[in-house]
Undergrad: 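To start, I am sharing the structure in question, which I have written as structure tokens.
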Amino acid sequence: MHGLVNRALQGFLCDTYDRDTWAEVRNQAGLPVDGFESMLHYEDRLTEQVILAAAHVLQRDRASLLEDVGTYLISHPNQSALRRLMRFGGDSFFDFLQSLDDLSGRARLAVPDLDMPDLHIRHDRSNRFVLDIRWGLPGMGAVFVGALRAMADDYGALAFFEAEVLEDGCEQVVIELVDQAFACGRSFSLGGRPA
Amino acid sequence: MTRPRMDQLALSRRALDRLMPMHLWFAATGEVLHTGPTLTKIAGGADLRGQPVRDVVEILRPKAAAGLPALLSLEGARLRLCLRGKPDLPLRGMIVALPAGVGGLINLSLGLSFARAVSDCNLTLKDFAPCDQTVDLLYLREANAAIAQESRNLTDRLQSAWAAAEAQALTDTLTGLANRRAMDAALQAMVDEPLPRFGLMHLDLDFFKEVNDTLGHAAGDHVLTRAADILRAEIRAGDIVARVGGDEFVLLFRDCDDPDLLEAIAARLISRLEEPISIEGQPCRISASAGSVLASHYERPDRDKMLNDADLALYASKNRGRAQHTLFSDALLAPLRHN
């Protein structure tokens, strides 16, 4: 797994909780390193071990923990660069949702060796979208629920999200877009300083 | 059934604005008829209609003579140009002539200054046609900046780790001998023993600078490595030899309080160091001067005092004409007292 993914988990634990929490998770997960480096690669099992250890240390179920990771990735000030990059996806939350098909491609444009899930978005009814997520690591549906909810807030849209796991292991997020202009959202200036 | 003529196309102004939001349409007379919405925004919202196109747009490259025919002669060429109202914002463009009487069309793009243009003119996603990859460039630019920052962070962390490792290192990387840090620690441990009994020798190569100056640093390094091998070979197990400076070495001899023994060791070291070394077929000669102290000389030996006294003895050897050894005695302090 790419260091950026592992580093995001580490950042979530350090920034949302504290360094002691991270140290304990690291110990329980038996990590051979003090911390992940964003630009290196690690064995996939380490990522899984960190998630399991974090759920255990924080006494949280996997889905709600991963949902918080998703929210953190978009809304925490330390991740403002990622939030900006996501806003390039579209001028409105509607456009943004349509752009999710391109998300993995866009990410690999910047980091060619990044592990990204296969994403496919369908607009199946007037205000309903279904996002299919296929990836080796279970729980991505929850991560996307957290991240998409934070993006909806960012755009000022009102939407409901629900994650499901299909029998073949494919994870789905169903999105009901209620109001595109529910609140004013956070400002995004295209030429804003790169974070 | 005949197909309609396929070499002409009518587009509404609205369609043009959407397809090419940075276009400028001018009449056969040369006056601006219309500018696309994004170009209007870049011009600071100014209404450019009615002005002569050559007053609005300055062609930077290729050079073009004044007048409309010269402008139209650039049809199809890759143009570098700018708005006269925004001379510091270079644009890229292309001009096509429209059918007689309708004038010409210039389509523009931001070129390499896209990032500055977007922030200076407050452009948004809506200001770019979906086919325009400027937004992707902006995305890539930000993503690259973020990734470059991550790489810099990694480099910084590696550098501090390297510096920390180096600070803790006990070995001289060139010769593999102990370094000053290791020698300081070993000497302190010896001084701290209940009954310190050891000898300390400070040895400095003679004529080493000449080797370095005339034969180069690689030859100098070779000589240092050879000298280190000799010193290592001549000491007993348990004794310590450290490189503490460019061509300076400190040797610590355990269980030693015999001045004659130190004298004999020094004589052997000097004579072995004087054996010619062959460098690129040329014999190369150095020697060494040494100064020693014995811990038993002091009532309560002190690390810095011993190093200092060994240093004085070494300089006495140098003053007596090099290639010699001097055992420290209080008499060596006498010249200092006169100062």
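Throughout, a chain's letter reflects where its sequence line sits, starting with A, and its residues are numbered from 1.
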Undergrad: Please look at B:R157 and chain A and tell me whether the side chain, the backbone, both or neither of the residue comes under 4.5 angstrom of a heavy atom of that chain.
TA: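 Just the side chain, heavy atoms under 4.5 Å.
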
Undergrad: Under 4.5 Å heavy-atom distance to chain B, tell me which part of A:R7 shows up: side chain, backbone, both or neither.
TA: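 When you check distances to chain B, only side chain atoms of A:R7 fall under 4.5 Å.
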
Undergrad: Of the backbone (N, CA, C, O) and the side chain (C-beta and beyond), which part of A:L82 lies under 4.5 Å from a heavy atom of chain B, both, or neither?
TA: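 For A:L82, no heavy atom lies under 4.5 Å from chain B.
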
Undergrad: Can you confirm whether B:R61 is buried at CZ, in the sense that more than 12 heavy atoms of other residues, nucleotides or ligands lie under 6.0 Å from that atom?
TA: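 No - once you tally the heavy atoms of other residues, nucleotides and ligands closer than 6.0 Å, there are 12 at most.
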
Undergrad: Take A:F88 and B:D136 through the side-chain contact (heavy atoms from CB on, under 4.5 Å) test and state the conclusion after the steps.
TA: CA-CA 8 Å; A:F88 277 93; B:D136 296 324; over 6 Å; no

Undergrad: Is it true that atom CZ of A:R128 has more than 12 heavy atoms of other residues, nucleotides or ligands lying nearer than 6.0 Å?
TA: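 Counting neighbours around CZ of A:R128, more than 12 heavy atoms of other residues, nucleotides or ligands fall under 6.0 Å, so yes.
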
Undergrad: Does A:R60 have more than 12 heavy atoms from other residues, nucleotides or ligands lying within 6.0 Å of its CZ?
TA: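 Yes, the 6.0 Å shell around CZ holds more than 12 heavy atoms from other groups.
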
Undergrad: Does a side-chain heavy-atom distance below 4.5 Å link A:M39 with B:I147?
TA: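 A side-chain contact exists here, since the closest heavy-atom pair is under 4.5 Å.
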
Undergrad: Decide if atom CD of B:Q149 counts as having more than 12 heavy atoms of other residues, nucleotides or ligands within a radius under 6.0 Å.
TA: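 Check passes, neighbour count above 12.
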
Undergrad: Give a yes or no on this: more than 12 heavy atoms of other residues, nucleotides or ligands lie within 6.0 Å of atom CZ of B:R49.
TA: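 Result for CZ/B:R49: open.
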
Undergrad: Can you check whether A:R106's main-chain N or O pairs, donor with acceptor, with B:Y139's side chain at less than 3.5 Å?
TA: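 Looks like yes, one N/O pair under 3.5 Å.
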
Undergrad: Atom CD of B:E150 and atom CG of A:L40: how far apart are they, to the nearest 0.5 Å?
TA: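 CG of A:L40 is found 11.0 Å from CD of B:E150.
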
Undergrad: More than 12 heavy atoms of other residues, nucleotides or ligands under 6.0 Å from NE2 of A:H56: yes or no?
TA: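 No, not enclosed.
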
Undergrad: Which bit of B:L140 comes within less than 4.5 Å of chain A, counting heavy atoms only: side chain, backbone, both or neither?
TA: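 Only the side chain of B:L140 comes within 4.5 Å of chain A.
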
Undergrad: Shortest non-hydrogen contact from A:G191 to B:S119?
TA: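 Between these two residues, the closest heavy atoms are O-CB, 3.2 Å.
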
Undergrad: Pick whichever of B:N122, B:D127, B:L125 has the most heavy-atom pairs under 4.5 Å with chain A.
TA: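 Looking at each option in turn, the highest pair count goes to B:L125.
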
Undergrad: Which distance, rounded to the nearest 0.5 Å, do you find between the CG of A:L190 and the CZ of B:F114?
TA: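 These two atoms lie 10.5 Å from each other.
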
Undergrad: Any non-hydrogen side-chain atom of B:T124 less than 4.5 Å from a side-chain atom of A:F188?
TA: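 Not touching, per the 4.5 Å side-chain cut-off.
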
Undergrad: With a 6.0 Å cut-off (strictly less than), is the heavy-atom count around CD of B:E75, excluding the residue itself, greater than 12?
TA: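 Atom CD in B:E75 is packed in, count exceeds 12.
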
